[in-house]
Amino acid sequence: MTLPGPLVLTNPFALPDVRRGSETLIQGLGSWLQPRLPAGVSVLAGGERAAAYELDDLSYRRVRAPDLSRAYRDLDPEVTFVPAMAARLRQAGPALAHSFLYTDAAAARLAGVPYVVSYGGIALPGPFRTRRLKWRLFHFASTRARRIFCPSAAAADHMRREFGYAAEVVPNGLDTAPYWQPEIERDPNLIFCASTPDDRRKRVEILVQAFGRLAPARPDLHLALAGSATDSTRQTLLALLDEPVRRRVRFIGNLDPTELRGWYARAALTSLPSLHEAFGLVLVESLAAGTPVVGARHGGIPEIVTPEVGALFEPDDAEACAAAIDDVLNCANGSAEEDCRNRATKFDWETIGPQYLNAYEEAL
C-alpha cells in the first residue's frame, strides 16, 4: 500500500542520544518502511537541542525539549517538547503520524494531523494518576488516536482493563539476521542478562539469587550483567552471594549493538526476570542469536518463550528461576539453536512490518 503523503514516526527521544527499546524500535521500523513508502518516512523527536541529521539513511529531526521539572515535576523533557513538536507537525502536514508515547501523540492531536500511537509499556495506574499533567495528556492523546497498538496481548488487556482503551496487538519487530553469528564460540557455562540492573522493574536480584543457588553444583558457571549499574546496585547484588561466588559475576556495562550481539551469541542462555514487561525485546534478540531464554511468567514474556526455546518461572521466585535455568542448561544442544532462530523469525520486520502497513491503511 502507499500513503497519500509522508509518514512521521514520533517519540520524546531518538537515537543516537538515547538507546532504549522505543528508540531502537523506531529506527528498525523506519528503516524497513523507507523503501516501501514512496512518499517517505522520517523521525521527529525531542532532545537537548534542536538538530537535523540522518542515521542509516533515515531522516531525523529533533526539537528542543528543556528540563523544567524544577519548576513543576511533570515538566520534564518527555513533556516540554510537545509545543515545538506540534508546531513542526502542523508545518509538515504528514499523511499520518505514528507516535510511540502519549506525549508525542498529544502533540499530533494539537497539530491536527491523523495519528496512531504505540504504547510499549505496562503503566501502573496508581502512580500514573499522581502525575496530573501526564495523566491528562495520556487521555487527551488516547481518546482521539485512530489506532492504539500494544506489543503483547498482556499489554493490550492491561490497557483495556485499567484505562478503558481498546488496543490492537502488534509485537515489536527486529531485524534478526545480524544476531546470528555462528563464528562466535558458545560458552556452555555463561548466563547473560541484558536487562539494566539499576532498573528495579527488571528484578535482576532474582537472577543473581538464582545464580547463587546453582553456583555450588556448577563451579564453572558464571554470570554477565549488561546495562548501567551504580556502585550501590553492584554492592547490593553481590551481597546476595557468598564471597567465592561473587568473583564469578561480571558487570559489563552498556554495550554497543555489535558488542551486544556478541554476548548473545556467546551465552549458553539469557534471562529476563522482569515484572510488568510489555514485551521483552531482549528475549527475541537472544533467540535470533540461537540462544535459549529463561523468563518470568509475567506480562508479555510468556507470549515469546515456548518450551522449545526456553523456560518460564514464577515471578520473584529465585528458587524457581534457578530450576528453570538448570533445566535449560541440561537440555542445551545444537538443535536448540535452530528452534530459537525459527521462533525469532516470528518477530522479524518482514513479519511485523506488514502488520503496521495494513494498520496505517485502515487508519486513513
Side-chain angles (χ1 to χ4, degrees), residues 1-18 20-47 50-63 65 81-120 141-151 167-175 281 347-364:
M1 57 86 65
T2 58
L3 295 178
L7 171 74
V8 177
L9 307 175
T10 69
N11 198 50
F13 306 104
L15 297 176
D17 292 349
V18 178
R20 299 175 307 183
S22 60
E23 291 78 21
T24 303
L25 180 69
I26 288 169
Q27 174 65 26
L29 176 59
S31 296
W32 187 87
L33 290 170
Q34 187 75 280
R36 294 167 175 84
L37 292 178
V41 57
S42 61
V43 178
L44 179 60
Y53 57 97
E54 287 197 357
L55 191 61
D56 295 334
D57 296 325
L58 186 62
S59 295
Y60 279 76
R61 182 178 287 275
R62 289 202 313 258
V63 297
F81 72 92
V82 170
M85 178 175 282
R88 177 63 62 179
L89 284 170
R90 191 178 301 114
Q91 181 183 34
L96 185 70
H98 183 173
S99 301
F100 284 80
L101 193 69
Y102 58 90
T103 47
D104 46 306
R109 178 176 173 181
L110 288 171
V113 303
Y115 66 96
V116 298
V117 59
S118 288
Y119 290 138
S142 301
T143 53
R144 291 295 178 87
R146 302 213 175 174
R147 291 287 190 281
I148 295 175
F149 305 122
C150 285
E168 303 170 39
V169 177
V170 180
N172 291 340
L174 179 73
D175 180 7
L281 189 61
F347 306 99
D348 191 89
W349 279 121
E350 291 300 324
T351 300
I352 303 302
Q355 297 181 44
Y356 278 122
L357 285 176
N358 291 336
Y360 295 158
E361 185 173 29
E362 293 172 1
L364 294 176

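FYI, side chains are in, hydrogens and waters are out, and symmetry mates aren't considered; it's all heavy atoms of this structure.
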Within this structure, what is the [atom1]-[atom2] distance for the pair [X] and [Y], rounded to the nearest 0.5 Å?
X    : Y    : atom1 : atom2 : value
N11  : Y60  : CG    : OH    : 9.5 Å
N358 : E168 : CG    : CD    : 10.5 Å
R109 : T143 : CZ    : OG1   : 4.5 Å
L281 : N172 : CG    : CG    : 6.0 Å

Which of V8, L9, T10, L89 passes side chain to side chain contact (heavy atoms under 4.5 Å, CB included) with S99? Answer is T10
Exactly one candidate in D175, D56, V43 meets side chain to side chain contact (heavy atoms under 4.5 Å, CB included) with Q27; the answer is D56
Considering non-hydrogen atoms only, spot the tightest contact between [X] and [Y] and give its length.
X    : Y    : answer
Q355 : V169 : OE1-O, 4.2 Å
P4   : L364 : CD-CD1, 3.8 Å
D57  : Q34  : O-NE2, 3.1 Å
F81  : G46  : CB-CA, 4.2 Å
L110 : A86  : CB-CB, 3.9 Å
S59  : E54  : OG-OE2, 3.6 Å

Suppose we screen for side-chain hydrogen bond (donor to acceptor under 3.5 Å, both in side chains). Which residues come up paired with [X], at least two apart in sequence or across chains?
X   : value
R90 : none
W32 : E350
D17 : R62
S42 : none

Count the heavy atoms belonging to other residues, nucleotides or ligands that lie under 6.0 Å from CZ of R144, then report whether that count exceeds 12.
-> no
Sorted by chain and number, sequence neighbours left out, side chain to side chain contact (heavy atoms under 4.5 Å, CB included) with L33 holds for L7, L29, L37, V41, L357, Y360
- Query: Would you call the rings of W349 and Y356 parallel, tilted or perpendicular if under 30° counts as parallel and over 60° as perpendicular?
  - Reply: tilted
Review point. Does F347 reach the side chain of L174, with side-chain heavy atoms less than 4.5 Å apart?
Key: no
- State, yes or no, whether a side-chain contact exists between I352 and V170 at a heavy-atom distance under 4.5 Å. yes
Name each donor-acceptor pair under 3.5 Å that joins a side chain in residues 112-119 to protein atoms two or more places apart or in another chain, with its distance.
unit_1 : atom_1 : unit_2 : atom_2 : d
Y115   : OH     : A141   : O      : 2.6
Y115   : OH     : A145   : N      : 3.4
S118   : OG     : H98    : NE2    : 2.7
Y119   : OH     : S142   : OG     : 2.7

